[in-house]
Amino acid sequence: MSLDFSVIFEYRQILIDGFVKMIYICAAGLTIGLAVGAVVCAAKMSHSSLLRRCADVYIEWFRGTPFLIQMFILYYVGPNFGLELDATLAGIIGLGIYSGSYFAENYRSGIQSIPRGQIEAARALGMGNAAVFFRIVLPQMMGLILAPMTNNSVSFIKDSAVLSIITVQELSFAGQSVIGQTYRYVEVYAAVALLYWVVITCLTICSARLERFFTRHRTAASRLSTLSAKGDLK
């Protein structure tokens with residue numbers, strides 16, 4: 001079998017359009033997921049049993065059912081209940097809701113990993129709840145949750161290929177379109193895989209650098225909190 005990668009250059013515009021669409025959908029979907037995850041995490045850690053139960057149901061449902069089935073329900077069953085969405089918008093919302101269930105648990109595990117002694121020491125120094133969260137909890141939890149959140153985000157980016165099933169014209173859809181015209185499976189799938197690899201590699205590198213930054217901040221904050229606690233006890 002002879003390979004002819006000139007078809008990639010010939011149909012580059014279709015692949016570029018699909019690549020840009022994939023980036024757009026993933027960026028928008030994961031941004032929604034980060035916001036939804038924060039809200040669900042707050043509900044799960046609230047004092048209200050009703051909010052905790054609702055958060056549990058949401059997390060268990062979206063983590064316990066396949067993303068493909070969720071998209072079928074949203075895009076094909078939704079219109080039966082008056083919810084008609086454009087394919088791209090359905091993809092963004094679906095990815096956002098799905099990723100939010102995972103990010104909520106990432107947030108919760110990060111918050112619960114902060115030693116209670118540090119929070120009590122900060123409050124003993126007169127810091128309010130907002131100051132405790134933004135100056136003590138948030139910087140440290142970021143160093144703890146970035147790695148699992150990056151792993152989840154990588155999975156979500158790869159899962160976005162599923163959106164071609166509901167006619168979202170992202171990268172996988174564009175690749176299938178080029179294959180339909182050229183029958184060059186190897187060359188086109190190799191190009192599509194390379195583009196996914198580039199995106200995921202860039203995300204991983206950025207996340208690793210952020211993780212190193214927040215880990216240094218976490219160490220410094222931990223030492224400061226310990227010294228503050230000792231000073232308060234004297």
Side-chain angles (χ1 to χ4, degrees), residues 15 17-44 53-110 145-179 188-189 191-204 206-207:
L15 294 174
D17 290 344
F19 179 72
V20 172
K21 194 67 167 289
M22 183 267 287
I23 294 291
Y24 168 69
I25 289 173
C26 289
L30 294 184
T31 300
I32 292 174
L34 291 172
V36 170
V39 172
V40 174
C41 175
K44 190 172 177 64
R53 177 55 59 186
C54 290
D56 286 338
V57 170
Y58 169 84
I59 292 171
E60 294 301 326
W61 169 259
F62 285 101
R63 286 165 60 103
T65 55
F67 181 54
L68 175 62
I69 302 302
Q70 294 173 22
M71 289 312 306
F72 278 147
I73 293 173
L74 179 63
Y75 188 67
Y76 292 114
V77 180
N80 294 328
F81 299 92
L83 182 63
E84 295 189 17
L85 297 172
D86 172 74
T88 300
L89 182 58
I92 292 172
I93 293 175
L95 190 60
I97 295 173
Y98 177 60
S99 61
S101 63
Y102 285 84
F103 288 148
E105 288 296 79
N106 291 148
Y107 290 144
R108 187 174 66 86
S109 64
I145 66 175
L146 266 175
M149 289 185 74
T150 301
N151 290 336
N152 287 334
S153 298
V154 167
S155 296
F156 301 142
I157 291 172
K158 290 188 285 189
D159 287 344
S160 69
V162 167
L163 299 179
S164 63
I165 300 296
I166 62 167
T167 71
V168 177
Q169 298 179 6
E170 45 73 64
L171 183 56
S172 297
F173 186 94
Q176 293 168 13
S177 175
V178 175
I179 289 173
V188 174
Y189 279 135
V192 169
L194 178 63
L195 290 172
Y196 273 109
W197 178 81
V198 168
V199 172
I200 290 171
T201 300
C202 291
L203 174 65
T204 304
C206 292
S207 174

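If you read the sequence from its start, that first residue is 1, and numbering goes on from there.
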* To do: Name all pairs fulfilling the side chain to side chain donor-acceptor pair (under 3.5 Å) condition that reach into residues 152-168, sequence neighbours left out, sorted by first residue then second.
  => Asn106-Asn152
* All pairs passing salt bridge (charged side-chain N to carboxylate O under 4.0 Å, His left out) where residues 78-92 contributes a residue, at least two apart -> none
* So, do Tyr189 and Ile179 sit near enough that their side-chain heavy atoms are less than 4.5 Å apart? -> yes
* To do: Could you give me the CA-CA distance, side-chain angles and deciding distance for Phe103 and Val40, then say whether side chain to side chain contact (heavy atoms under 4.5 Å, CB included) is met?
  => CA-CA 9 Å; Phe103 288 148; Val40 174; over 6 Å; no
* To do: Would you name the heavy atoms of Cys41 and Tyr107 that are closest together and state the gap between them?
  => SG-CB, 3.6 Å
* For Ile166 and Ala90, work out which heavy atoms get closest and say how close. => CD1-CB, 4.4 Å
* Asked: Out of curiosity, Asp17 CG to Met22 CE, how far, rounded to the nearest 0.5 Å?
  -> 13.0 Å
* **Donor-acceptor pair, side chain of Tyr102 and main chain of Gly37, under 3.5 angstrom** => no
* **Residue pair Ile92 / Ala28: nearest heavy atoms and the distance that separates them** => CG2-CB, 3.8 Å
* Heavy-atom side-chain proximity of Val168 to Phe173 below 4.5 angstrom -> no
* Structure fact -> Across all chains, not counting sequence neighbours, the side-chain contact (heavy atoms from CB on, under 4.5 Å) partners of Asp56 are Lys44, Arg53
* Identify the two heavy atoms, one from Phe156 and one from Ser99, that lie closest to each other, and give their separation to 0.1 Å. => CE1-CB, 3.4 Å
Without placing hydrogens or testing angles, list every side-chain donor-acceptor pair under 3.5 Å for residues 194-204, not counting sequence neighbours.
| from | atom 1 | to | atom 2 | distance (Å) |
| --- | --- | --- | --- | --- |
| Tyr196 | OH | Glu170 | OE1 | 3.2 |
| Tyr196 | OH | Ser172 | OG | 3.1 |
| Trp197 | NE1 | Thr201 | OG1 | 3.4 |
| Thr201 | OG1 | Trp197 | O | 2.7 |
| Thr204 | OG1 | Ile200 | O | 2.8 |

* Structure fact -> Between Val192 and Gly175 the two heavy atoms that sit nearest each other are CG2-CA, 4.0 Å
Validation: residues 68-78 side-chain donor-acceptor distances under 3.5 Å, sequence neighbours left out:
| from | atom 1 | to | atom 2 | distance (Å) |
| --- | --- | --- | --- | --- |
| Gln70 | NE2 | Phe62 | O | 3.0 |
| Gln70 | NE2 | Thr65 | O | 2.9 |
| Gln70 | NE2 | Thr65 | OG1 | 2.8 |

* Structure fact -> Residue pairs meeting side chain to side chain donor-acceptor pair (under 3.5 Å), one or both in residues 19-29, sequence neighbours left out, come to Lys21-Thr88
* Look up atom CD1 in Ile25 and atom CG in Leu30, then write down how far apart they are to the nearest 0.5 Å. => 11.0 Å
* Asked: Does Tyr58 reach the side chain of Ile97, with side-chain heavy atoms less than 4.5 Å apart?
  -> yes
